[in-house]
Amino acid sequence: MPQSIRTRVAIVGAGPAGLILSHLLAEEGIESVVIDRRTRAEIESTIRAGILEQGTVELLTRIDPGTRVQTVGERHDGIELRFQGEGHRIDFQALVGRSVWLYPQHEVLTDLLALRAGAGQDLRFGVTASGIDDTDPDQPRVIATDSQGDNVVIDADFVVGADGSRSVMRSAVAGASGNGVFREYPFAWFGILCDAPPSSDELIYSNSDDGFALISQRSPQVQRMYFQCDPGMDAQAPSEAEIWATLQARVPGTSLKRGPVFQRDVLSFRSFVAGELRRGRLALVGDAAHTVPPTGAKGMNLAVADVVLLARALHALLREDDSRLIDTYSERALRRIWKAQHFSWWMTGMLHTPPRGDDFDRRRQIGELRSVVESEAGRAYLAEAYTGWPLDV
């Protein structure tokens, strides 16, 4: 016989979206079970970049006053756009009075897992969801197996898919797994982690004739850097000398501080929005619902915005028997999702060299960059979108 679990809300995925949702529900007295196919150690050790919008940081600080984002994370009040050998600072504070924080996603997860475990959250690791049984539309069931291969059934009043871009839940909500709107970009990022001090106090987004580069950070001792490459590039092909030569050539005016490269990868660029975000008593949040290119730093922040909307809707549905917010969840979430998709697409197109572009494309792109940096309105739009629109709280 399968192990049977009963809860109000079943959350598939113990990433930032799933863990924050479980906390917001607990604040409203709504119990939940969170499952994830990974172990806790695997979740905490999966290294991913993290630029947190001000609204995300404010929410994390509210739910956990001890969050390390305020002590380990670094507040950034601007970024630099560099092109034609010149740097142009986008001053977030002067333009919109907001900031972003550099705080890697795995650190956010470490904080959230400790917070939820300490609060007695029912967290089940090594449990893999295989599908949904919604024969009873008012009580969907998650069908899963645990780490020993034994069957697990979770009966719930509502099920949330927060299980990432390879979501099992997506097909239950949106039909076919790939059902939605999709865009694949003709370039990728070659990314490295290296042992070195920061090359710049703030992130540098650099457009050059040879392609884009991003000089980012990870910590005072470890730096993250990227350069535009072909999606089919072999991450192991270039030597360290070639990597550094490429990065330096694409960031004229800054002498990069170098160190041993200990991680390298090629990151493809894709945009996706699922055909449906909610069906009956099933809903999607985060990467299960949408993905964006990394240029606009929107991934995790969009997931948080989804969760804030869904938590309010679930409170109304499960505590007040009011379905109005859950009935409009998709519509309201998609407004922000498509604003973020546009911003990410715009930043990507403005900064990257088109693979088959001609001289007209190049000169037009420089004109676009100048239109942004030489206009207070242009700089303000970039600052507003990058630091994040207010959360619907």
Side-chain angles (χ1 to χ4, degrees), residues 11-21 36-38 43 46-53 56 104-106 108-109 129 160-191 212 214 216 224 226 228-229 231-232 265-278 282-310 329-330 332-349 351-352 385-386 388-389:
I11 301 172
V12 182
L19 294 171
I20 292 174
L21 179 59
D36 199 291
R37 59 180 176 78
R38 300 166 293 176
I43 294 171
T46 301
I47 297 177
R48 296 183 65 181
I51 297 291
L52 305 185
E53 296 173 357
T56 299
Q105 183 170 309
H106 64 280
V108 175
L109 284 168
V160 178
D163 49 339
S165 58
R166 294 181 175 85
S167 172
V168 170
M169 278 289 298
R170 187 186 296 154
S171 60
V173 176
S177 180
N179 182 26
V181 183
F182 180 79
R183 170 63 57 86
E184 186 155 12
Y185 294 80
F187 35 73
W189 278 359
F190 187 102
F212 169 78
L214 169 60
S216 184
R224 185 65 156 153
Y226 305 90
Q228 178 183 343
C229 69
D265 49 33
V266 172
L267 178 63
S268 297
F269 272 40
R270 297 184 178 91
S271 289
F272 174 78
V273 180
E276 300 288 345
L277 304 189
R278 176 248 174 180
L282 311 173
L284 301 175
V285 293
D287 286 357
H290 45 71
T291 57
V292 292
T295 324
K298 290 287 161 243
M300 177 179 160
N301 297 293
L302 259 188
V304 171
D306 294 343
V307 163
V308 168
L309 289 176
L310 186 58
Y329 164 68
S330 293
R332 292 179 294 120
L334 285 168
R335 293 173 189 166
R336 188 187 190 99
I337 289 165
W338 280 110
K339 286 172 65 175
Q341 288 286 6
H342 168 73
F343 177 68
S344 300
W345 169 87
W346 175 68
M347 284 278 285
T348 299
L351 292 167
H352 292 73
Y386 196 95
W389 306 283

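Put simply, the side chain of V160 reaches to within 4.5 Å of the side chain of L21, judged on heavy atoms. A 4.5 Å side-chain heavy-atom check between L52 and V108 finds at least one atom pair inside the cut-off. No side-chain heavy atom of P231 sits less than 4.5 Å from a side-chain heavy atom of V266.
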For side-chain contact (heavy atoms from CB on, under 4.5 Å), just list the numbers for R170 and F272, CA-CA rounded to whole Å, side-chain angles, deciding distance to a tenth of an Å, and then say yes or no.
CA-CA 12 Å; R170 187 186 296 154; F272 174 78; 3.6 Å; yes
Go through it in stages, so that I can follow the logic: the residues are I51 and Y386, the test is side-chain contact (heavy atoms from CB on, under 4.5 Å), and I'd like the CA-CA distance, side-chain angles, deciding distance and then a yes or no.
CA-CA 10 Å; I51 297 291; Y386 196 95; 4.2 Å; yes
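In terms of heavy-atom proximity, R332 sits nearest to L309 at NH1-CD2, 3.2 Å. Residue G299 comes nearest to V292 through the heavy atom pair N-CG2, 3.8 Å, listed as atom of the first residue, atom of the second, then distance. The two residues A172 and L282 make their nearest non-hydrogen contact at O-CD1, 3.8 Å. Contact detail for A289 and L277: the closest heavy-atom pair is CB-CD2, 3.6 Å. Pairing each heavy atom of D36 with each of G15, the nearest pair is OD2-N, 4.3 Å.
In terms of the side-chain contact (heavy atoms from CB on, under 4.5 Å) criterion, residue partners of A305 (sequence neighbours excluded) are, by chain and number, R336, L391. Judged as a side-chain contact (heavy atoms from CB on, under 4.5 Å), and not counting sequence neighbours, the contacts of S271 are R183, Y185, P293, Q341. Residues passing the side-chain hydrogen bond (donor to acceptor under 3.5 Å, both in side chains) test with W346 are E368, sequence neighbours excluded. In this structure, the side-chain contact (heavy atoms from CB on, under 4.5 Å) partners of D306, at least two apart in sequence or on a different chain, are V285, H290, Y329, A333, I337. Applying the side-chain contact (heavy atoms from CB on, under 4.5 Å) test to S165 and every residue at least two apart in sequence or in another chain returns D287, T291. In this structure, the side-chain hydrogen bond (donor to acceptor under 3.5 Å, both in side chains) partners of T295, at least two apart in sequence or on a different chain, are T348.
Side-chain atoms of N179 come within 3.5 Å of backbone N or O of A174 as a donor-acceptor pair. No donor-acceptor pair closer than 3.5 Å links the side chain of N301 to the backbone N or O of T56. A donor-acceptor contact shorter than 3.5 Å links the side chain of S344 to the backbone of A340.
Rounding to the nearest 0.5 Å places CG of L109 at 6.5 Å from CG of L19. Annotation: the span from W189 atom CH2 to F269 atom CZ amounts to 4.5 Å, rounded to 0.5 Å. Rounded to the nearest 0.5 Å, atoms CG (L267) and CZ (F190) are 12.0 Å apart. To the nearest 0.5 Å, the span separating CG on L310 from CD1 on I20 amounts to 12.5 Å.
Annotation: cation-pi geometry not satisfied between K298 and W345 (NZ/CZ under 6.0 angstrom from ring centroid, within 45° of ring axis).
Enclosure of atom CD in E276 is not indicated, since only 12 or fewer non-hydrogen atoms of other residues, nucleotides or ligands lie within 6.0 angstrom.
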